[in-house]
2 protein chains.
Amino acid sequence: MMEEPQVRKRDAAATKAALLDAAAVLFGERGFDRTTVRDIAKLAGANQALLFRYFGSKDALFEEVLARGGREQIASTPPGELLGTALRGMLESDTRRDRTLDAYLRSTGHDSAATAVRRQLGEEYAKVLATLTDAGDADLRADLILAWLLGIGLVREITGKEPLASADPDDVCRLVLGAARTLLERSG
Amino acid sequence: MMEEPQVRKRDAAATKAALLDAAAVLFGERGFDRTTVRDIAKLAGANQALLFRYFGSKDALFEEVLARGGREQIASTPPGELLGTALRGMLESDTRRDRTLDAYLRSTGHDSAATAVRRQLGEEYAKVLATLTDAGDADLRADLILAWLLGIGLVREITGKEPLASADPDDVCRLVLGAARTLLERSG
DNA sequence: GCAGTTTGTAAGCAACTGCTTACAACGCTA
DNA sequence: TAGCGTTGTAAGCAGTTGCTTACAAACTGC
């Protein structure tokens, strides 16, 4: 019987990536404060001292997790579909891989350098959403849509409130996109 | 010059109330995890041992803070005005006293008995909101409105994103209530 | 083969956390 | 005034936390 070695041997890049992945999972499940560097290292199968060598601090690691995950979606989605795609990505929890939003939502009590990343991420989303309307207060309307997306994620993932938590994504999309369209189209 | 004694002398009820108030402030500012029982006791001007005598644990104290603040508004507002009142209460940050929503939003990473309170609070709000529509999926629509309210609070209080964070409450109300009305009125 | 760098490991430190305990001060009642 | 439950205080305990350090093992260039 052959056994492939589960352990990485002296591969800094792979170790760093494993730490990043493990951090994303745990930050998403428990939030920043309730995730320990020991748990991250354990899940990544690495020594915790390496975490500090590669990322400097727990805070900086959190920052990288947030920055990495957030930009992936926004960069790979055309503006007009962003709202629907982001909404669906949040609703279809089965096939989800990206835990960035959970990390975001479960770490709202945490102020740090990550705050800047959080804000910048919001700016990018809102900027794209703002292109969908020609109203004078486009930015404000975009913020309200963004708030709605985050609120739906909050209620679903953290509060777990029914019937929204288990609702059919199609139903939710239909309702939200309908209301959002009236908000965006009716220029003031 | 007369000086009134700042210190309470052997008044259990007053001490308990002071601890509850201090806890509400700090949980609202920092969230559950980043608030220590020592800080709460210090702000309340009480000994931290009393916190455990009167509330049992930090967790139970958090639960009481959430339960107390949440029911006040919902009990004192007629159903038809709840949406507008809750929204305005969240937007007018100058005159705000109630930090319960902040405590809620800043402690999303925290699972405990407070989760039950959180959920129950959401149920009560959603139940009232659901009476505003005659659609078949009234509960789902109510959840979406609730999610929007929470999301707006999240973006304003935690993320601090502009222009929403400093937007005129009247403008926000007009936009949100307009879109919410179409969501609620158009029965599916 | 050997010096020097990179990668991984084990151990520990100092600070902080929620919570407990032992005890003193107070005030009510008899 | 004596007794006693209530309120307040000081000190500390045991566990956890982020982070550091000292060192061993592996790879690289010469």
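Convention: sequence-line order gives letters A, B, ...; per-chain numbering from 1.
- In this model, no donor atom of one side chain and acceptor atom of the other lie less than 3.5 Å apart for T85(B) and T77(B).
- Residues from residues 21-37 of chain A lying near DNA chain C, meaning a heavy-atom separation below 4.0 Å, are absent.
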Distances under 3.5 Å between protein N/O atoms and the N/O atoms of nucleotides 28-30 of chain D, please, pair by pair.
none

List the atom pairs, with distances to 0.1 Å, where a side-chain N or O of residues 37-44 of chain B and a protein N or O form a donor-acceptor pair under 3.5 Å, not counting sequence neighbours.
{"residue": "D39(B)", "atom": "OD2", "partner": "R30(B)", "partner atom": "NH1", "Å": "2.9"}
{"residue": "D39(B)", "atom": "OD2", "partner": "T36(B)", "partner atom": "OG1", "Å": "3.2"}

Show every donor-acceptor pair shorter than 3.5 Å between a side-chain atom in residues 59-69 of chain B and any protein atom, with sequence neighbours excluded, or say none if there are none.
{"residue": "D59(B)", "atom": "OD1", "partner": "S112(B)", "partner atom": "OG", "Å": "2.7"}
{"residue": "D59(B)", "atom": "OD2", "partner": "H110(B)", "partner atom": "NE2", "Å": "3.1"}
{"residue": "R68(B)", "atom": "NH1", "partner": "D21(B)", "partner atom": "OD1", "Å": "3.2"}
{"residue": "R68(B)", "atom": "NH2", "partner": "D21(B)", "partner atom": "OD1", "Å": "3.3"}

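- By the 4.5 Å heavy-atom criterion applied to side chains, K16(A) and L19(A) are not counted as neighbours.
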side-chain contact (heavy atoms from CB on, under 4.5 Å) evaluation trace for I152(A) with L91(A) = CA-CA 9 Å; I152(A) 291 170; L91(A) 296 173; 4.2 Å; yes

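- Side-chain atoms of D143(A) come within 3.5 Å of backbone atoms of L164(B) as a donor-acceptor pair (strictly under, hydrogens ignored).
- Of the charged side-chain nitrogens involved, at least one lies within less than 4.0 Å of a carboxylate oxygen, so that D170(A) and R88(A) count as a salt-bridged pair.
- Phosphate proximity of dG18(C) to S57(B): absent, as no side-chain N or O sits under 4.0 Å from OP1 or OP2.
- Of the possible polar contacts, one joining the K58(A) side chain to the T35(A) backbone as a donor-acceptor pair under 3.5 Å is found.
- Contacts of residues 48-56 of chain B with DNA chain D (heavy atom under 4.0 Å): Q48(B), A49(B), L50(B), R53(B), Y54(B).
- Atom P of nucleotide dG12(D) and atom CZ of R38(B) are separated by 13 Å, given to the nearest angstrom.
- Looking only at side-chain heavy atoms (C-beta outward), L101(A) and L150(A) come within less than 4.5 Å of each other.
- The stretch residues 104-111 of chain B does not touch DNA chain C, since none of its heavy atoms comes less than 4.0 Å from the strand.
- L83(A) has its side chain out of reach of V128(A): every pair of non-hydrogen atoms, C-beta onward, lies at least 4.5 Å apart.
- Between the side chain of R10(B) and the base of dC26(C), at least one donor-acceptor pair of N or O atoms lies under 3.5 Å.
- As a whole-Å value, the separation of L61(A) CG from dT17(D) C1' is 16 Å.
- A 4.5 Å side-chain heavy-atom check between L183(A) and T182(B) finds every atom pair outside the cut-off.
- Contact annotation: the side chain of R106(B) never approaches that of F27(B) to less than 4.5 Å [non-hydrogen atoms, C-beta and beyond].
- At whole-Å resolution of the value, CG in N47(B) and C1' in dC19(C) are 12 Å apart.
- We find that CD1 of I40(B) is positioned 15 Å from C1' of dC16(C), with the value rounded to whole Å.
- When the P atom of dT9(D) is taken as reference, atom CG of L19(B) falls 11 Å away, rounded to whole Å.
- Between D137(A) and L175(B) there is a side-chain heavy-atom pair separated by less than 4.5 Å.
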